[in-house]
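Reviewing the structure listed below.
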Amino acid sequence: MQNHAYRSRQLGLPLAVVFAAIVLTVGTLFGASGAANAQQTTASSNRIWQALKGDVFGDRAILVDSGVVRIEAPKRAQDAAIVPSTSISTRPGRPPASNPSP
Amino acid sequence: MIIDVNPAPVAATFEIGKDAGVTHLSTRVRVDDYSYLRAIAETQGGELHMAQTFVKASGGCSAPAVKNQDEAMATMGQMKLRQFPPQETMTKAQELQLMIRHPNNSGLQRNPLTQYFIPAHFVQKLSVSQADRLILSMEGGISISEDPNFRFDFTAHGTGQIQVEAIDTDGKVFRNQWPLEVTGL
């Protein structure tokens with residue numbers, strides 16, 4: 001009997017090691033997938049845009065924030081499937097539409 | 001309009017009719033992840049102008065539809081137009097809100113029961129005109145939300161009818177027209 005208990009205790013050690021190894025592996029896997037699903041940032045969104053720009057507009061110059069066009073959207077969307085967005089264009093020499101007329 | 005991180009980043013291309021007087025345009029879009037939303041406008045002179053805003057959202061393209069598909073298919077193509085009188089007495093600009101019933105499936109949504117992807121099916125082309133004068137036309141994609149909704153201002157020329165024509169990816173054509181509600185005075 002004593003011999004049996006001793007043997008199982010001997011077996012217990014490597015089992016614990018294997019279990020720890022499994023926990024470690026699963027942990028790293030989840031960690032890795034977490035990193036892969038990381039949210040986009042302004043920088044990564046800009047990188048996508050730089051790569052995309054040529055496909056859509058060729059090498060045409062794009063004037064940024066010139067006041068001709070504006071876009072509005074909530075900073076954080078309540079429902080990602082229905083994000084209200086508004087673009088406002090104003091023509092040079094005309095007041096923006098949202099301004100009250102003088 | 002461009003949404004950088006969406007599977008199809010060019011969300012929609014709008015063309016504004018000559019003398020249509022459209023100065024603003026609102027719609028609803030799907031946003032798949034944190035992303036810049038960009039509005040790029042081409043002037044008559046051919047210049048490109050851009051504005052951008054960063055939106056924190058995720059999963060918009062694959063989010064399940066609000067309505068069940070049978071109901072959405074039964075009412076597909078129904079349209080509603082709301083007309084708003086000019087807000088300022090000094091201007092003639094009226095506001096229109098066009099609502100179209102269409103599931104606008106993105107192709108990235110799954111059937112909740114079978115888990116199969118629901119095929120993409122969306123409004124591809126849309127045009128709004130008054131008495132055959134173009135106010136606004138759109139080439140859309142999967143980034144436009146279910147039941148597309150557009151609100152914009154325009155300057156009426158005469159009292160002709162407002163005509164709307166929408167074509168979806170199945171080649172179905174939906175047409176509707178409404179008399180112009182004469183407002184002001």
Side-chain angles (χ1 to χ4, degrees), chain A residues 33-102, chain B residues 1-5 9-11 13-14 16 22-44 46-66 87-91 93 106 109 143 145-147 149 151 153:
Chain A
S33 69
N37 289 334
Q39 257 137 0
Q40 303 283 350
T41 59
T42 51
S44 68
S45 185
N46 263 327
R47 268 200 301 279
I48 296 170
W49 163 241
Q50 290 303 332
L52 175 77
K53 198 161 74 170
D55 294 338
V56 185
F57 297 105
D59 52 5
R60 296 175 64 183
I62 297 175
L63 302 164
V64 182
D65 293 331
S66 53
V68 171
V69 64
R70 279 190 291 153
I71 185 163
E72 283 168 20
K75 282 199 162 44
R76 186 177 285 277
Q78 286 193 329
D79 184 346
I82 325 172
V83 181
S85 75
T86 310
S87 346
I88 301 167
S89 64
T90 57
R91 297 195 194 100
R94 279 207 201 173
S98 55
N99 272 7
S101 47
Chain B
M1 183 185 289
I2 289 189
I3 302 168
D4 289 350
V5 307
V10 179
T13 311
F14 294 97
I16 289 166
V22 177
T23 61
H24 75 257
L25 171 67
S26 312
T27 187
R28 302 183 309 192
V29 292
R30 296 183 169 120
V31 179
D32 210 35
D33 201 344
Y34 286 21
S35 177
Y36 272 117
L37 261 59
R38 301 173 193 275
I40 295 147
E42 183 174 10
T43 61
Q44 278 190 335
E47 280 179 347
L48 295 173
H49 296 268
M50 178 171 83
Q52 61 203 30
T53 182
F54 196 71
V55 176
K56 292 178 175 176
S58 59
C61 292
S62 53
V66 178
Q87 288 186 338
E88 299 150 26
T89 47
M90 298 295 285
T91 60
S106 68
Q109 298 152 301
S143 302
S145 302
E146 177 185 356
D147 292 337
N149 187 321
R151 189 170 170 152
D153 62 341

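Numbers restart at 1 for each chain; the letters A, B, ... are given by sequence-line order, proteins then strands.
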Check your understanding: Side chain, backbone, both or neither: which part of A:Ala73 has a non-hydrogen atom closer than 4.5 Å to chain B?
Key -> both

Check your understanding: Could you give all pairs that pass the side-chain hydrogen bond (donor to acceptor under 3.5 Å, both in side chains) test and reach residues 55-65 of chain A, with sequence neighbours left out?
Key -> A:Arg60-B:Glu42

Side-chain donor-acceptor distances from residues 52-59 of chain B under 3.5 Å, at least two apart:
residue	atom	partner	partner atom	Å
B:Gln52	OE1	B:Arg38	NH1	2.8

Practice item. Just give me the residue among B:Val5, B:Ile3, B:Asn149 that pairs up with chain A most often, heavy atom to heavy atom, under 4.5 Å. Key: B:Val5

Exercise for review: List for me each residue that meets side chain to side chain contact (heavy atoms under 4.5 Å, CB included) alongside B:Ser145, sequence neighbours excluded, and say none if there are none.
Suggested key: A:Ile82, B:Arg28, B:Arg30

Exercise for review: Pull out the residues in residues 44-51 of chain A that come under 4.5 Å of chain B, heavy atom to heavy atom, sorted by number.
Suggested key: A:Ser45, A:Asn46, A:Ile48, A:Trp49

Review point. So which heavy atom on B:His49 is nearest to which on A:Val69, and how close?
Key: O-CG1, 3.4 Å

**Study point:** Beyond-backbone contact of B:Glu47 with A:Leu63, side-chain heavy atoms, under 4.5 angstrom
**Key:** yes

Point to revise | B:Val10, part contacting chain A, at a heavy-atom distance under 4.5 Å | key: side chain

Review point. Checking B:Ala39 against chain A: side chain, backbone, both or neither under 4.5 Å from a heavy atom?
Key: both

Revision key, fill the gap. Cut-off 4.5 Å, heavy atoms of chain B, and the answer for A:Ile62 is both

Check your understanding: How far apart are the closest heavy atoms of B:Leu48 and A:Phe57, and which atoms are they?
Key -> CD1-CD2, 3.7 Å

**Study point:** Contacting moiety of A:Val56, where chain B heavy atoms sit under 4.5 Å
**Key:** side chain

